[in-house]
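Since the structure is predicted, the reported quantities are computational estimates derived from the model, not experimental observations.
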Amino acid sequence: MTAWTAPFITSDADLGSAPILRREFTLDDGHGAVTGATLDVSALGVVEAWLGGERVSDHLLEPGWTSYEWRIRVVSHDVTAHLTETAASSAAVLALVLGKGWAAGRLAWGGGGGWYADEAAGFAELRITFADGHEQLVATDTDWQALSSAITADQLYDGEDIDARLRDASFLTPGEVTTPSVDGHEGRTSAVRTVDIGERELVADTVPPVRPLAEIAPVEVWTSPSGATLIDFGVNLVGWLRVVASGPAGTVLTLKHAEVLEHDELGTRPLRTAKATDNFTLSGSEDHFEPRFTFHGFRYAQVDGWTGTLDELRSAVTAVQVGSDLTRTGTFESSHELLNTFHDNVIRGMQGNFLSVPTDCPQRDERLGWTGDIAAFAPTASYLFDTRAFLGDWLRDVWLEQQHADGVIPFVVPDVLKYSPAEDFGTPDATAIWSDAGVWVPWTLYQAYGDTAVLEEQLDSMTAHLRRIKGHLSPEGLWDTVFQFGDWLDPDAPPEDAAKAKADPGVVATACAYRSATLVAQAARLTGHEAEATEAEELATGLQAAFRQHYVTDGRIRSDCTTVYALAIVFGILDEDDERRAGDRLAELAEQSGYRISTGFAGTPFITDALTQTGHLDDAYRLLLQTECPSWLYPVTMGATTVWERWDSMLPDGTINPGEMTSFNHYALGAVADWMHRVVGGLSALEPGYSSVLIAPQPGGGLTWASTSLDSVHGHIAVRWELVDGELLVRAQVPEGVTAVVRLPGAAEQRLGAGSHELRTPAAVPAA
């Protein structure tokens, strides 16, 4: 591993803009041509690197957000092509443009910021190799120069201001540089100074970069009843607008972003204090604007200051979708078009919220790495995309935060809330589902990819979480003594109190603790840690006994609602008789609700599995395919293109939910897609990493066909089934080295090897 020694540097004066750090250098002479060059860059904040007059890469918001108190990523770029045309003894320029980002910008809804750094600072080490093996190092130090830029304001929540009159490309090339001044913005230069990063460790970047994922043209441009100019991009996306504009110098274009319309105007209330506004000042010539130090969650934009026609605006604006560039691995499709749209929405929501860290939402004054959301969604995420590096790196921050919080896995990772506490949640401590992410996510990665390394690396974190739970158990052996989110966002909870759910929080927490204990026991045994395995098993045994004694009476579970039955069934905490009775009661409650959703964050990922596991497949399908509010498909009928935070983020009359916390892009409630892949599509893992798979589609709900596929670590696996003349026809593709067990209704179990297979069963399969 590279031993980086260069200091971080920043401007020695306030330049009134995002600073440009610049170093002109001369290639060493007498060593032949440049044969290789590597640029390592980092920042407290975010950095965009330029070399030889060009951007080094299309990466965005580097080096991303980590628990900056203890580690900062360093990103390596091969920049050989930027220097091979430069002759020996010739001058070249290395420049870093710095934004506030997560380190120096405002974070969380409390209004504060700069939690990790007072100002943005940059780091660079450029290693140039010559034909004779000589190496030249160009690195950040106090010989660099700082310049003002055309970026006069940048915040992740609020947006970016760019004044094209202040642009000057002379900083990219050798020689004198100019810094234009206009309207109170004085172009300035400054010396630089070093920034002490303390004991923070510099670590090699291993995660997929944030980069542009798609470009989306407007689908409609119109004038609202109030006279505002509005643009619809057709889908809820995360990114920004690229604009080409001409007009009198000093004209300001103001772009405001929002996910929805309300009363035919831009619906900005859900943004809370996030301004989500970019301001572009024209130079008098044709200007190209594109912010890169902010991002917005939006479908609609309002453009103020445009003097051309609506058609001209439509041609001038493009939405740029950005996110961490994960490799797509899983697919799903069926004969049910609303279900297909819902699955598309799950994917789009994940792409928008997997941006450096797995966030809750991408639009309001939050965008934090909420642990409860990824605890629910990790199985779906790890089927749809390759999440090994992305979530594996995030888990390192989970453990770092724990080690500095007495074993507590916080509500968000990185934990900015320790600087800006959420008073409504009391004193932070371990809490079910949210803190359980430290166990459930590594276990999911092991199941998805079959590599025990993640369990080995995270076992101390997993065990520490269990010990924190153990320290909070009541004398009865229940986890009911500290703050719990419980079944957060139960649809029956009032808009202003998302934690006021039907499910008893102690029941939820104790069931989750039991699941975590059983998983830690398995992880410890798989990695050869017998003492930890025994400790976890003993805790699981005690939790199970306490749960059955205090919460279960004749198959009824305290608070008698869908979530408590779903968790108890799927986590295996009940005995056989009570599980059967719990399944029957769960089905009864689902029917009583009219097959409308009655679960929140805790129960939603598990309710369809609980119904299926206890013989109530038809009830699971009726729940899945319900279109009335609250349901998974209700938002689809309302035009949603991502999964909502609340089941009714938008009310049936088209108004926004009155709750302060309302997002139209949250992936957590899309966790049911995991069940869709396994049960509707019919593909699941029998062994970790899909070295052995189960092909077992369970048709229902009136679907006539479905298909799913996965690019696993062993190769491409695919299942497609359809109902043809009363028969179930299944086509399967199995890669080399993988065995498949096939279980079809009314047919004997079969084993298949590699290859393409077609199977039929004459069993009658109801089509509705």
Side-chain angles (χ1 to χ4, degrees), residues 2 4-11 18-29 31-64 72-99 101 120-131 134-151 167-179 189 192 202 204-205 209-212 288 290 292-293:
T2 303
W4 296 288
T5 57
F8 280 65
I9 61 172
T10 192
S11 172
I20 301 170
L21 307 179
R22 179 182 184 272
R23 172 66 185 268
E24 186 174 326
F25 64 96
T26 302
L27 291 180
D28 289 349
D29 197 6
H31 301 287
V34 171
T35 57
T38 300
L39 175 63
D40 293 342
V41 293
S42 188
L44 275 171
V46 292
V47 60
E48 183 175 277
W50 294 72
L51 179 63
E54 298 179 338
R55 280 182 66 195
V56 163
S57 77
D58 66 349
H59 295 188
L60 302 164
L61 301 171
E62 284 187 328
I72 308 170
R73 295 191 194 115
V74 177
V75 186
S76 183
H77 297 282
D78 183 343
V79 292
T80 307
H82 294 265
L83 291 176
T84 50
E85 298 301 318
T86 305
S89 299
S90 296
V93 172
L94 173 60
L96 308 177
V97 187
L98 299 181
F123 161 94
E125 288 188 357
L126 171 63
R127 287 179 169 81
I128 308 166
T129 305
F130 295 83
H134 173 72
E135 183 175 279
Q136 178 181 358
L137 176 65
V138 180
T140 43
D141 59 25
T142 53
D143 290 334
W144 284 51
Q145 180 185 30
L147 315 171
S148 57
S149 74
I151 303 171
R167 284 178 171 160
D168 192 290
S170 63
F171 79 91
L172 297 174
T173 55
E176 291 295 320
V177 296
T178 56
T179 53
T189 64
V192 302
L202 299 183
D205 179 59
V210 177
R211 57 165 35 116
H288 294 247
E290 182 174 353
R292 287 197 286 264
F293 291 160

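Residues passing the side chain to side chain contact (heavy atoms under 4.5 Å, CB included) test with A146, sequence neighbours excluded: S11, L15, L21, S190, V192. The side chain to side chain donor-acceptor pair (under 3.5 Å) check on R211 picks up D58, H59, D325, with sequence neighbours excluded.
Closest heavy-atom contact between L83 and L126: CD1-CD2, 4.4 Å. Shortest non-hydrogen contact noted between D28 and H134 is OD2-NE2, 2.8 Å. Pairing each heavy atom of S170 with each of V177, the nearest pair is OG-CA, 3.3 Å. Here the closest heavy-atom approach between residue A139 and residue R23 is recorded as O-NH1, 4.1 Å. Looking at every heavy atom in both residues, T80 comes nearest to A37 through OG1-N, 2.9 Å. Across every non-hydrogen atom of V34 and T84, the tightest pair is O-CG2, 3.9 Å.
Checked by atom type and distance alone, the side chain of S149 pairs as donor or acceptor with a backbone atom of A18 at under 3.5 Å. No side-chain donor-acceptor contact under 3.5 Å links T129 to the backbone of E135.
Two residues are said to be in side-chain contact when any heavy atoms from C-beta on lie closer than 4.5 Å; S76 and D205 fail this criterion. Put simply, the side chain of S90 does not reach to within 4.5 Å of the side chain of L27, judged on heavy atoms.
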Apply side chain to side chain contact (heavy atoms under 4.5 Å, CB included) to residues F171 and T189 and explain how you reach the verdict.
CA-CA 11 Å; F171 79 91; T189 64; over 6 Å; no
Chi angles and distances behind the side chain to side chain contact (heavy atoms under 4.5 Å, CB included) call for L172, V93:
CA-CA 6 Å; L172 297 174; V93 172; 5.7 Å; no
Could you walk me through whether E290 and H288 satisfy the side chain to side chain contact (heavy atoms under 4.5 Å, CB included) test, starting with their C-alpha distance in whole Å, then the side-chain angles of each, then the deciding distance to 0.1 Å, before giving a yes or no?
CA-CA 7 Å; E290 182 174 353; H288 294 247; over 6 Å; no
Can you check side chain to side chain contact (heavy atoms under 4.5 Å, CB included) on L96 and W144, steps first, answer last?
CA-CA 10 Å; L96 308 177; W144 284 51; 4.1 Å; yes
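Here OG1 of T5 is found 6.5 Å from CG of L137. Values are rounded to the nearest 0.5 Å. Separating the CD atom in E176 from the CD atom in E24 is a distance of 9.0 Å, to the nearest 0.5 Å. How far OG1 of T38 is from CZ of R127: 8.5 Å, rounded to the nearest 0.5 Å. For the atom pair CG of L202 and CZ of R73, the computed distance is 13.0 Å after rounding to the nearest 0.5 Å. A distance of 9.0 Å separates NE2 in H82 from CG in L39, rounded to the nearest 0.5 Å. Note that CH2 of W50 and OG of S57 are 11.0 Å apart. Values are rounded to the nearest 0.5 Å.
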